[in-house]
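For reference, the structure discussed in these notes is given below.
Predicted, not measured: the structure shown is a model, and the values here were computed from it. Convention: sequence-line order gives letters A, B, ...; per-chain numbering from 1.
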Amino acid sequence: MRPADIFSLSFDALIDRKVRTVLTVLMVVLGSSLVVVLNGLSAGQAEFLASQFSALAANVIYVGSGQHSYHGSSSPASIIINNAVVQKIRTLPNIETVIPEYSGSVQLDSQGETQHVSVTAMDPTQLTVMLPNLQYVNGSTVEPNDRSSALVGDTIANPPGATSPFVVLGQTIKLTDSYTSTSGKSATEVKNYIVSGIMQPSGNTRIDSSIIISLDAGNQLLHKSTKYDQLVVAASSPDDVDAVQQELVEEYGPTLGISTPQSIMAVTQKATSGNAAFTLMVGIIALVVGAVGIVTTLYNSVTERIREIGTMKAIGAQNTDILQLFIVEAALIGIIGASLGLIIGMGAGYILSIFTTTNVQGSGEVHIPPVYIPTDLLKVWALSVTLSLAAGIYPAWKASRLSPMVALRRE
Amino acid sequence: MIMRILNRDKSGTAEDSTTMLSQLPKTDDDTGSNSIALAVKGLSKIYDSIAGKVVALDNINFIVKKGEFLSIVGPSGSGKSTLLNMIGALDRPTSGHVFINGIDIFSLNDSQLATMRNNHIGFVFQSFNLINRTTVLKNVKLPSTIAGAPVSESNKRAMRILEALGIGDKASQKPFNLSGGQQQRVAIARSLVNNPTIVLADEPTGNLDTKTGDDVFEMLKTLSHKFKRTIVMVTHNPELAESTDRSILIKDGRVERDVVN
C-alpha cells in the first residue's frame, strides 16, 4: 500500500471513533502539557534566580554569625562581630572595604498606618558596593553621620496594590523598636526620621524590604552596643573572592558564617534542579499513563475490527499493511496529542505564572514567567510521540498476525 | 453498456498481476493450460480437536474452466466453506494442491499468498464485509489501493464497475445507508476491481430476501456468461445451484456428485 493510502485509512479509522480518539489524544495532551508546564516553570524559576543574583556585586562576601552560613553545616559558637573584628578583616590582603551592619525588625508608622518592616543600619553611601546598579525613585543617599534621615525601599513606600503611597519623599516616619533592656525588662525605642530617598527594587530582597539608616542611628534605635549583625566584605575584584573567603576561614574558622552570592546561587540552583527533576518525573509518569491509554484504545480497536482486518487480509492486505495501519493510528494520536500538549502546556505555563504572581513583603509583586527552551520542547514532543508509537506496537503486531480465516469467523 | 465497461477492464490488472507473479512456481501438468482457471488436486484438511482428528476435506479433486460458474452445495458441516477457504488461500490444507491460473498457491509463502489473493481472487461474503465508516467508492477500490495502484486509476476503475452494476450514484454514500442488495452489489464490485482470475462467493444471497437474492444471483450469472468471469459459489439453495453451469455436492468432506446443469 502507498503511504498516503495507509495514512488515509488510519485517519478514517480514528475519525470513526471520535470520542475514544479524542479521549486518548487528551491523555497524551495532559501528559505532554504537564511536562511542558513543569519544565517551563522550573526553567523560569532558575532564570529568575540567576537574574536576581546577577544584580548583586560579584566581589562581595557576606560575613555573619555561624548560624547564617549557607554551607549547610551547623556551626559552633559564633564570635561577636565588633570593631576589632572589622579592623582585623580590613588588614587582610585583597580587601577593598568592610561594611558593618546592624539589622532588626521595627514598627513603622506613616500616614496614620502601621507596618512591621526590616531596618538595616550601615553607611548608606556604601550601598553601591553591594548594589552597583542602585537607583533612586526619588531623592538621594544619606550621609554616614546623618542620624535623622532614612532611605526607604520602593516596595515599602509604594506597596503593591495600594492606591496611594505609604511613604513619600521628605515626610517624617516613626520607627519603634521593642527590645529587652539590660535589666531584663521590655522597653521600646522610638525615633523619627526624614525620608531622604526612595530606592528602586534592586534584586537584593533584604535591602529592598528594608529601611536604611546610618550606622550611628541604628546603634541608637536598635541598642546593639556596637555588636554588628553582619559585615559586607568587598574583595578587590571578583577573582579575589575565593582567596578572601579562604583567608577568613583560616583566621576565624567556623565561628563566622561566610557566604557569597555565587555560593548562595549554587545551593539554590541545586535545590531548584532537584525540584525540577522531581516535577519532570511527575510529568513523565503522566505521559506513561497516556501511553497506557493508547494501548487500551488500540487494543480495543483491534478487537472490534477483527472482521475488518480479516476482510482486508482476504482481499490481499499484507501483514505489514495491517501493522502500518495501526502504527500510523498510534503515531497520529501521538503527534496530535504531543503537538496540542506543547501549545496548551506553553499557554498554561504563562497563565499559571500570572495566577501565581505573589506579593513578597518588601519586594513587591514577583512574577516568574516560564521559560521554554526550543530543544527541551522538541525533546518533550519526541518523547510523547515515541511513547505513543511504543504503545501502539503490541496491538498493531497482534492485528497483523491475525489469521484471515480466524478473523473472518469472528462475530 | 455493461459489456463495454467490463470488457474495457480486461486490459487492466490481470495482465499486470500476471506479470508480477510470473516468477512464482507453476504446475508441471495441464493445470497451466490457458482454459483452466482453478484446479484442485487431492485436497485434504484434517483438524485436531479434543475429540480427536476431524476430517473436514478428504481427497477433493476437480477443475474449473475459465468463465465457468460453479456452485458448491452440501449440508451444514459438509466441508464446503472449508473448501472455499482453501481455494481462496485463506487456510492451508493438510495435503493436496490448489492451482489458480496455473500457480500452485500453497507453494507460496504468506506474503506471496496475500499478493495472490489480491491479484487473482475476488471474495464475495454472505454478510458483505464492507467497511461501514468509509464510502462505497473507497470500499470498492480497496483491493486496488492495497495493490498500490495510483489513486486516479483506482477511482476510475471502481467507478466504472459501480456504474456497470447500477450503483454508480451510491459511490459517495456509506454502505450502512444502502439496502442489503445494494451492499452486496458493492461487495461484488469490490471483488471485481482487480480483475481477478476467479471470484469466490460464500452464500452471496444468504442474507438477502428472495427477490433481492435472485437479482444478485442474476448479476453473478451475467458476469459469468457474458463477461467470462470464473465464479465459484457456495450455496445452500438447490434452485440457485441448478442455475449455475455445474454443481459439486460435498458431503462429509468428499465430492459426492459433480453435475453439469
I'd like to verify something: which residue of B:A89, B:S81, B:P143 has the highest number of heavy-atom pairs under 4.5 Å with chain A? B:P143
Tell me, side chain or backbone of [X] under 4.5 Å from chain B's heavy atoms, or both, or neither?
X	answer
A:S8	side chain
A:R17	neither
A:I6	neither

As an exercise: rank [options] by heavy-atom pairs under 4.5 Å with chain B and give me the winner.
options	answer
A:A314, A:P404, A:A317, A:A13	A:A314
A:D5, A:I315, A:D16	A:I315
A:S403, A:A4, A:G316, A:G310	A:G316

Are more than 12 heavy atoms, taken from residues, nucleotides or ligands other than [X], located less than 6.0 Å from that residue's [atom1] atom?
X	atom1	value
B:F176	CZ	yes
A:D12	CG	yes
B:Y47	OH	yes

Under a 3.5 Å threshold, yes or no: a donor from one side chain and an acceptor from the other, between [X] and [Y]?
X	Y	result
B:S127	A:R307	yes
B:R117	B:N194	no
A:N319	A:S400	no

Under 4.0 Å between a Lys/Arg side-chain N and an Asp/Glu carboxylate O for A:K313 and A:E308?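 Answer for the salt bridge query: no.
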Can you say whether [X] sits under 4.5 Å from chain A via the side chain, the backbone, both, or neither, judging by heavy atoms?
X	result
B:T145	both
B:I121	neither
B:N85	side chain

